[in-house]
Amino acid sequence: MVSLWDAAERADFPSLQDNVRCDVAIVGAGIAGLTTAYKLAKEGASVCVLEESFLGRGETGLTSAHLSNALDDRYWKLEKLHGAIGAKLAANSHTAAIDTIGRIADELNIQCDYERVPGYLFAHDPSALDELKQEFAAAHRAGLSVSWESNAPWKTFRTGRCIVFPDQAQFHPLKYLFGLSKALGTHAKLYAHTRVTGIASGQLVRLTTEKGNTVEAKHVVVATNVPFHDRVVMHTKQAAYRSYVIVLPIPKGDVTKALYWDTGDPYHYLRLAASDNPQEDLLLVGGEDHKTGQLEDTEVPFFELEKWARLRFPQGGKVAVRWSGQIIEPIDGLAFIGRNPLDHPNSYIVTGDSGNGLTHGTIAGLLLTDLIMGRANPWAKLYDPSRKTLASAGQFLKENLNAVTHYLDWLKPGNAQSVQDLAPGQGAIIRDGLKKIAVCRDEKGAIHANSAVCPHLGCVVAWNTDNKTWDCPCHGSRFDKDGKVLNGPSLRDLEPIAEVSRVP
Ligand code: FES
């Protein structure tokens, strides 16, 4: 599955071939990892960045690239969870992130189509107008200069009253990422195609790669969307969701260039991108989120998104591109950035993007640089991964009960009787005595079979009909058709079934 951003020039890097030492080892070369590397290297620290695949393979390239301080979790809720000062700091940190991306793009002359645009938040339904008023007041208290408009600037649909958030931005995330990677300088080295399989904590952290090389560092930052070296603690505080995006051409001028969101649950988000055709713009429409591994037919969200879009933009052309990405929702609305709980103090994580991964990733670059350089940072407490917010206890229970109920999948029969039931492109769980087997038939008709047991904490994976992947409903690990891990927290692949011919 390719996103709209995949056409960007690639910037690949060689893999690690040796044992190396550096001040800071960073695992993951998304926006969080690379911003942290850039900031630390600028201060003279030696940095090694280890990326398991090619650059841009991760979630940074699967966002809709809204750069915003209009937070998905709403300021009135953040006030309840983190207090008025916390909400203000959240607004301030996201504003700083939008500014930082613009400044870095300028500083490094990265041509990433960064531009300032306003943002419009509108009610998905007239009954949500009160919530909108509540959000306006809370955003104001958080220090944002929001205002009201009677309608979003669209020609073909009346949204009704909306809150305008000034000075948001949009950009091309992969052009930015590649630009940043090329500008790391001599202090930072980036190794792609280098999978870290172990991290031994201590005064000196020791990372081991799949190929047997080691990296020794004074500090380690795990910036891999979800931390793979933490088996339980962080995974009880966040949950994985899939979010969907479609792109359709629309006549130029029908929608004003801006960011848009509604208040629905799941909500919708929109923005424009440039088209090669001067008569039109590309309209990105996203949303229809659901918990990873918990929707039987992942074609449905695309269908629903298109239905929603056509009602509002009947003049839109054929869907040109579509994709989905993984969002990690923390139980209290804000990312976890800082020292890894129950670990050595030189071990840091960034996770729980909350649908604002590009700004949260940039905040991580600023905050972690301060922590590693031994400086105080005003956002440290707000984003501390060890924080406990009493008001989020309900959400904590809800998400963890949801994960626990998926262990009952063990008791269910398989969703196919035999491999003979599978058409090309289909996958299913087949029960073989006490075992559950994840079986799929590829487009050429070949059968791929692996244990259906997620190596993280033992849930049964589910077939993703659109991506042709195995997704875990408990904490969001994802695996390709051959069982190779694509998204953590699982560190290991699905166990292969040696004798495929013996699968029922
Ligand atoms: Fe935790 Fe699968 S991701 S059990």
Side-chain angles (χ1 to χ4, degrees), residues 27-28 52 58-59 62 195-199 222-243 289-296 298 324-331 336 340-342 349-354 357 385 395-412 414-415 427-429 431 434-440 449-464 467-497:
V27 189
E52 71 156 352
E59 297 301 320
L62 296 174
R195 188 173 175 189
V196 174
T197 50
I199 299 180
V222 175
T224 50
N225 198 27
V226 287
F228 60 86
H229 60 323
D230 172 307
R231 271 181 84 73
V232 180
V233 181
M234 293 312 299
H235 308 297
T236 60
K237 297 182 175 213
Q238 55 188 12
Y241 285 74
R242 301 295 298 167
S243 190
D289 304 8
H290 64 83
K291 278 199 87 169
T292 300
Q294 298 191 16
L295 188 71
E296 202 158 305
T298 46
S324 64
Q326 188 108 314
I327 286 176
I328 306 300
E329 286 293 350
I331 52 168
F336 299 106
N340 189 29
L342 310 180
I349 54 170
V350 42
T351 186
D353 58 81
S354 192
Q395 193 61 18
F396 175 88
L397 276 176
K398 188 176 147 208
E399 292 294 7
N400 285 292
L401 262 176
N402 176 286
V404 165
T405 53
H406 278 278
Y407 284 97
L408 297 176
D409 292 350
W410 270 103
L411 305 176
K412 293 182 187 163
N415 42 19
I429 302 298
R431 186 177 265 286
L434 289 177
K435 290 193 205 134
K436 289 216 157 186
I437 304 177
V439 190
C440 65
N450 293 281
S451 162
V453 181
C454 174
H456 176 230
L457 290 174
C459 282
V460 176
V461 295
W463 181 242
N464 180 323
N467 285 349
K468 315 291 182 216
T469 54
W470 295 104
D471 297 356
C472 181
C474 287
H475 314 103
S477 289
R478 298 177 64 243
F479 309 85
D480 72 8
K481 65 179 185 336
D482 294 312
K484 190 168 166 26
V485 68
L486 297 171
N487 285 92
S490 178
L491 187 55
R492 287 185 290 126
D493 300 336
L494 296 177
E495 193 77 32
I497 301 290

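When a ligand or atom number is given, it counts from 1 through the structure's own listing order. Only this structure's heavy atoms are used, side chains among them; waters, hydrogens and symmetry mates stay out. Because the structure is a prediction, the values reported are computed rather than measured.
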Taken in chain and number order and not counting sequence neighbours, the residues that satisfy side chain to side chain donor-acceptor pair (under 3.5 Å) with Thr351 are Gln238
Heteroatom N/O/S of Cys472 within less than 2.8 Å of atom 2 (Fe) of ligand 1: yes
With rounding to 10 degrees, His456 ND1, atom 1 (Fe) of ligand 1 and His475 ND1 define an angle of 100°
| said: Closer than 2.8 Å to atom 1 (Fe) of ligand 1: does that hold for any N, O or S atom in Cys459? | reply: no
Please tell me whether Cys474 and Cys459 are bridged, where bridged means their SG atoms are separated by under 2.5 Å. yes
Hits for salt bridge (Lys or Arg N to Asp or Glu O under 4.0 Å) against Asp493, two or more places apart or cross-chain, chain-then-number order -> Arg195
Side chain to side chain donor-acceptor pair (under 3.5 Å) between Thr469 and Asp480, worked out:
CA-CA 5 Å; Thr469 54; Asp480 72 8; over 6 Å; no
Counting from 1 in the order shown, the ligand 1 atoms closer than 4.0 Å to a non-hydrogen atom of Cys454 are 2 (Fe), 3 (S), 4 (S)
Side chain to side chain donor-acceptor pair (under 3.5 Å) evaluation trace for Thr292 with Arg242
CA-CA 5 Å; Thr292 300; Arg242 301 295 298 167; 5.1 Å; no
Under 4.0 Å from one or more heavy atoms of Ser477, ligand 1 contributes atoms 3 (S)
